[in-house]
Every structure is written in C-alpha cells, then in structure tokens.
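One structure is given below, encoded as structure tokens.
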Amino acid sequence: HPQTRIVLEFDGPRGERLFSLANHIQHGVNLDLQGRRVIQVQLRNCRLLPGRYTMRPRIRSRRRILDALPDGLTFEVAAGD
C-alpha cells in the first residue's frame, strides 16, 4: 500500500494518550510487511512514572487502518526503574 505508516500510540495509567510515534515514508515508497518483522524503538529521557501503560500498534494507509491490536500491549513501570 502506498504511504503505509507504522504508528505506536502510548497511553498512560488513566487511559490518557501520552504520545504517538510514527514513521513517515517518502512518497512512492512501500513497506514490505509480509511475514515476520521486528520494530525497534529507542526513546531517550522518556521518564514514565510507576504504573501500567498501554502501547497500541497500528499499520495505516493514508485513509484507513490496515491492521491493529485494539487492546494493545500493556507494560508495567516499577518504582526505581
């Protein structure tokens, strides 16, 4: 699909959207999303308070969501991390 984007949405312990990350592909370049893929993200100085967070990955085209994990993936930040 042209202009396919991978979007990661991060929600806080109360369900509030904290931030979103997305790749922005140059016009006319397609991502090959067939088979197994690994997405790596490195955030520097992202200081989260202790609590449970949710990350919701989505694959979008310009006009619609192509694939998603609606319930997302949850992770816990412990005090002292």
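Throughout, numbering of the chain's residues begins at 1 and tracks the sequence.
- Looking at every heavy atom in both residues, Ala79 comes nearest to Pro50 through CA-CG, 3.7 Å.
- In this structure, the separation between CG on Leu69 and CD1 on Ile59 is 9.0 Å, given to the nearest 0.5 Å.
- Panel note: side chain Arg56, backbone Pro70; a donor-acceptor pair is recorded below 3.5 Å.
- Within the model, atoms CG of Leu8 and CE of Met55 stand 5.5 Å from one another, a figure rounded to the nearest 0.5 Å.
- Between Ile39 and Ile6, the closest side-chain pair of non-hydrogen atoms falls below 4.5 Å.
- The shortest heavy-atom contact between Leu48 and Val77 is O-CG1, 3.7 Å.
- In plain terms, the two heavy atoms of Gly12 and Tyr53 that are nearest each other are CA-CD2, 3.7 Å.
- Looking at every heavy atom in both residues, Asp71 comes nearest to Thr54 through O-CG2, 3.8 Å.
- The existence of a salt bridge linking Asp67 and Arg58 is excluded, since no basic side-chain nitrogen approaches an acidic carboxylate oxygen closer than 4.0 Å.
- Atom CD of residue Glu76 and atom CZ of residue Arg52 lie 5.0 Å apart, to the nearest 0.5 angstrom.
- Remark: Arg14 pairs with Glu16 by the salt bridge (charged side-chain N to carboxylate O under 4.0 Å, His left out) rule, at least two apart or across chains.
- In this structure, the side chain to side chain contact (heavy atoms under 4.5 Å, CB included) partners of Leu43, at least two apart in sequence or on a different chain, are Phe19, Leu21, Val41, Cys46.
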